[in-house]
Number of protein chains: 2
Amino acid sequence: MFMQSLTLSEKATPMTQNNERYQIRAVDRALRVLTLLADGEPRTLMELSDALELSNSTTFRLLSTLASYNFVQRDEASGRYHLGLATLELARSFQLSNPLQQIALPLLRQLRDDTAETVHLAVLDQMEVVYLEKLHGLHAVGLMSSQVGARLLAYCTGLGKVMLAFSDPQAVREYASQVAYVRFTPTTLTSVETLLGELHAIRAQGYAFDRGERESEVHCIAAPILGPNGRLEGALSVSGPASRMHPVEEQGEHIQKLLATARGISNLLGHRAGQPPAYADISFNHSQAR
Amino acid sequence: MFMQSLTLSEKATPMTQNNERYQIRAVDRALRVLTLLADGEPRTLMELSDALELSNSTTFRLLSTLASYNFVQRDEASGRYHLGLATLELARSFQLSNPLQQIALPLLRQLRDDTAETVHLAVLDQMEVVYLEKLHGLHAVGLMSSQVGARLLAYCTGLGKVMLAFSDPQAVREYASQVAYVRFTPTTLTSVETLLGELHAIRAQGYAFDRGERESEVHCIAAPILGPNGRLEGALSVSGPASRMHPVEEQGEHIQKLLATARGISNLLGHRAGQPPAYADISFNHSQAR
DNA sequence: CAAGTAATTTTCACTCAGTGAAAACTTTAT
DNA sequence: ATAAAGTTTTCACTGAGTGAAAATTACTTG
């Protein structure tokens with residue numbers, strides 16, 4: 001029996017014991033249905049059966065069960081299944097109950113109002129950036145394609161880089177050496193060396209720049225959020241169009257406000273001023289993953 | 001064996017054959033875990049076992065499986081489980097792939113820009129309103145508590161009332177006669193008679209008012225979105241503070257823009273101008289549910 | 001609009017996946 | 001330290017979940 005999960009868990013989680021055991025097959029299959037449908041492509045019963053390599057009666061029952069809770073619904077016209085309303089409702093619950101968001105939101109609002117630019121909150125998951133919150137700046141909206149719930153590569157975003165810089169150096173080296181670098185714009189970092197160098201610099205100054213590395217027109221500054229014991233909890237950023245944010249290194253006022261907000265959130269999470277980050281700078285750890 | 005689903009399906013769905021059969025027990029249990037956690041309260045393994053009346057080994061395996069796909073995660077500090085990142089990612093997929101949202105979004109943006117007020121998109125599910133989209137007006141934000149993914153009572157919101165007015169009269173009567181009316185504000189409708197009367201009036205004029213019936217300070221106008229065969233697909237609204245929207249009946253310009261947008265979306269969904277709604281006005285159907 | 005085709009829904013019998021009880025192990029309280 | 005409470009793992013049993021195939025329904029197409 002094999003297992004895939006598209007969104008995550010390419011390999012067993014490192015710290016905690018390996019899962020894979022203690023899994024319920026039927027539930028696993030149901031969740032595979034959901035992750036499959038999460039690509040946005042509506043599918044018929046048979047298409048799902050084929051893709052999951054399950055008999056159509058099994059797929060039918062999985063879908064019936066999921067549908068009874070509104071996790072999927074069937075479009076009457078096309079006969080295709082797609083994700084249902086319950087996914088929206090769950091996401092709202094997640095956001096309301098997530099401690100990081102509860103704590104960060106008021107400060108993020110303040111930061112947005114103070115800078116008038118778009119503010120993001122994100123976490124690092126499986127070495128990828130996932131946006132938790134996006135507060136639009138007061139200028140024309142819609143130019144920035146970021147979305148809450150979206151998953152982005154870490155090496156080409158300010159948020160990603162700053163979180164990598166405060167993560168386990170061992171794991172980051174591993175990641176940096178095997179990720180597929182894509183040059184989205186002229187400023188995208190596309191090699192292990194430049195990325196690790198950049199992470200070192202970010203760690204030294206305590207925040208990151210994004211000079212249009214993912215979208216040429218979007219520049220940003222990003223800072224880490226730390227919790228108890230200096231553990232990385234997430235990151236936040238202030239982003240704007242190149243026209244207003246360039247050169248991004250000279251947005252002194254924005255940088256100060258960003259850092260103050262990041263420190264404020266970190267404190268509320270239980271990080272004590274002066275306590276060092278949980279991990280050493282990446283340049284100080286040269287041991288190889290064995 | 002019993003079954004509950006908190007969010008929905010209090011009784012078997014009326015049109016389609018009854019489910020309950022063709023359900024996979026293990027999947028059903030997993031989804032009950034998620035709906036339980038959707039109240040935002042993080043829970044320990046044992047709390048969940050007790051609440052679901054399952055052995056802790058079963059609950060443990062359910063949680064392990066859910067966690068391996070990031071549907072739940074365990075807070076290391078408290079040892080409690082709460083919803084995980086995957087819920088956010090699924091919700092994003094839902095929004096991106098939902099035909100109604102794809103089609104409506106550009107027109108909603110236009111409406112927001114034209115009115116400068118907050119615009120909502122919602123659907124009716126199990127006689128309740130679920131918000132799909134919220135576009136903030138250009139004025140100070142944060143005054144309106146509505147949230148994407150939130151579920152609201154239908155009788156006390158403009159969106160809910162307008163959708164009821166275009167739904168199956170049989171089902172609406174049934175609903176109106178048994179719902180628990182709560183007086184949130186002085187203008188809340190709190191009896192079957194006033195509600196049905198209001199629905200009749202709404203049907204006649206084609207759109208609804210909300211005179212602060214849920215939150216005194218929030219007034220709104222709402223219009224239905226119809227699809228092929230005049231079936232109700234959802235509704236949209238323009239909302240603002242009483243200070244700007246009062247008296248709401250005299251927001252002629254906003255009403256015209258709202259109706260034009262609703263018709264535009266309906267057309268794109270396949271509703272042909274002139275085609276009547278799928279259901280008759282509530283006052284013309286006096287037959288009882290047998 | 002009938003005959004044919006494809007997809008969905010239901011039945012059914014088999015058997016192994018999912019189950020709870022209880023044991024082993026961890027963590028937290030005292 | 002020891003005890004108490006919670007979590008993870010083992011284990012043997014059996015009925016829940018399974019796929020094959022039949023029945024039904026929804027689409028094509030001549």
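Protein chains get the first letters and strands the later ones, always in sequence-line order, with residue 1 at the start of each. Being a predicted model, the structure only gives us computed values, none of them experimental.
- Atom CZ of B:R231 sits in a sparse spot, with 12 or fewer heavy atoms from other residues, nucleotides or ligands closer than 6.0 Å.
- Two residues are said to be in side-chain contact when any heavy atoms from C-beta on lie closer than 4.5 Å; A:R61 and B:Q23 fail this criterion.
- Rounded to an integer number of Å, the gap from A:R25 CZ to D:dG17 P is 10 Å.
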Give every pair of a protein N or O atom and an N or O atom of nucleotides 27-30 of chain C that lie under 3.5 Å apart, one pair per line with the distance.
none

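- The nearest heavy atom of DNA chain C to A:G79 and to A:I24 marks one nucleotide each, and the one closer to the 5' end goes with A:G79.
- Distance CG (B:L62) to C1' (C:dT19): 11 Å, rounded to an integer number of Å.
- At the heavy-atom level, A:R29 lies under 4.0 Å from the strands shown only through sugar-phosphate atoms.
- Between the CZ atom of A:F60 and the C1' atom of D:dA26 there is a distance of 14 Å, rounded to whole Å.
- Between B:R43 and B:Y81 there is no side-chain heavy-atom pair separated by less than 4.5 Å.
- When each of A:A26 and B:E47 is assigned the nucleotide of DNA chain D with its nearest heavy atom, B:E47 is the one assigned upstream, toward the 5' end.
- We find that CG of B:N56 is positioned 15 Å from P of D:dT10, with the value rounded to whole Å.
- With hydrogens and angles ignored, a donor-acceptor pair closer than 3.5 Å exists between the side chain of A:S57 and the base of D:dA20.
- Contact annotation: the side chain of A:R203 never approaches that of A:L199 to less than 4.5 Å [non-hydrogen atoms, C-beta and beyond].
- Counting any heavy atom pair closer than 4.0 Å across all strands shown, A:L45 reaches a base atom.
- The shortest non-hydrogen separation linking A:Q101 to A:L121 is CG-CD2, 4.1 Å.
- Remark: A:S55 engages A:S57, A:T58 in a side chain to side chain contact (heavy atoms under 4.5 Å, CB included) (not counting sequence neighbours).
- Put simply, A:Y22 has a side-chain N or O that comes within less than 4.0 Å of OP1 or OP2 on D:dT10.
- Rounded to whole Å, atom P of C:dT9 lies 12 Å from atom CE of A:M46.
- Rounded to an integer number of Å, the gap from CZ of B:R61 to P of D:dG17 is 13 Å.
- Put simply, the side chain of B:E233 does not reach to within 4.5 Å of the side chain of B:V123, judged on heavy atoms.
- Nucleotide D:dT18 holds its P atom 15 Å from the CD atom of A:E53, rounded to whole Å.
- Distance, B:L48 CG to D:dT7 C1': 13 Å, rounded to whole Å.
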